[in-house]
Amino acid sequence: MNPPTIAYSKLAYTVPQFCDGFNVSRTHFYALLKENKGPRLMKVGRRTLISAQAAADWCKRMEEETSIQSGYVCIDAPKAVA
């Protein structure tokens with residue numbers, strides 16, 4: 001019997017992985033960076049990475065900007081009361 005495997009989430013993504021995950025073209029990704037609307041980047045050696053936290057922060061910021069521009073207000077789902 002094999003021991004159970006533990007699934008770990010990635011802590012950082014390459015630019016292609018980020019673009020694939022958010023369904024954004026690389027061209028649009030770099031356009032967002034040029035407009036200061038892209039995610040925070042970090043360099044590790046010669047590699048450019050986006051941390052999972054930076055990706056989550058970027059996603060939340062884009063959702064908020066979209067709701068402001070469209071006139072909608074984002075409301076978190078109500079939390080269950082125990």
Side-chain angles (χ1 to χ4, degrees):
M1 180 180 225
N2 292 335
T5 58
I6 300 172
Y8 291 100
S9 296
K10 286 187 170 234
L11 297 178
Y13 303 94
T14 62
V15 171
Q17 290 170 338
F18 177 86
C19 291
D20 287 344
F22 283 98
N23 200 25
V24 173
S25 71
R26 287 179 64 149
T27 302
H28 187 64
F29 172 82
Y30 287 109
L32 287 170
L33 288 179
K34 188 174 181 180
E35 297 170 9
N36 291 320
K37 291 185 177 183
R40 294 183 315 275
L41 304 177
M42 62 180 170
K43 294 291 273 185
V44 179
R46 294 174 52 190
R47 299 176 62 186
T48 300
L49 300 174
I50 299 110
S51 70
Q53 184 61 52
D57 293 346
W58 175 82
C59 185
K60 183 169 177 62
R61 189 172 72 242
M62 294 303 286
E63 288 174 342
E64 290 169 352
E65 286 181 19
T66 301
S67 66
I68 290 169
Q69 292 171 359
S70 63
Y72 294 107
V73 177
C74 288
I75 300 174
D76 291 335
K79 293 184 171 80
V81 177

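Since we're looking at a predicted model, the values are computed, not measured.
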Trainee: Could you tell me the separation between the CG atom of D20 and the CZ atom of R26, rounded to the nearest 0.5 Å?
Mentor: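 Here the rounded value is 9.5 Å.
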Trainee: Report, one line per pair, each donor and acceptor closer than 3.5 Å where one atom sits in a side chain of residues 28-40; sequence neighbours left out.
Mentor:
| unit_1 | atom_1 | unit_2 | atom_2 | d |
| --- | --- | --- | --- | --- |
| R40 | NH1 | D57 | OD2 | 3.1 |
| R40 | NH2 | D57 | OD2 | 3.1 |

Trainee: Could you tell me which non-hydrogen atom of S25 sits nearest to which non-hydrogen atom of C19, and how far apart they are?
Mentor: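 S25 and C19 have their closest heavy atoms at O-SG, 4.1 Å.
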Trainee: Measuring from F18:CZ to C59:SG, what's the distance to the nearest 0.5 Å?
Mentor: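 Between atom CZ of F18 and atom SG of C59 there are 8.0 Å.
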Trainee: Can you check whether L49 reaches T14 side chain to side chain, under 4.5 Å on heavy atoms?
Mentor: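 Yes; the side chains approach each other to less than 4.5 Å.
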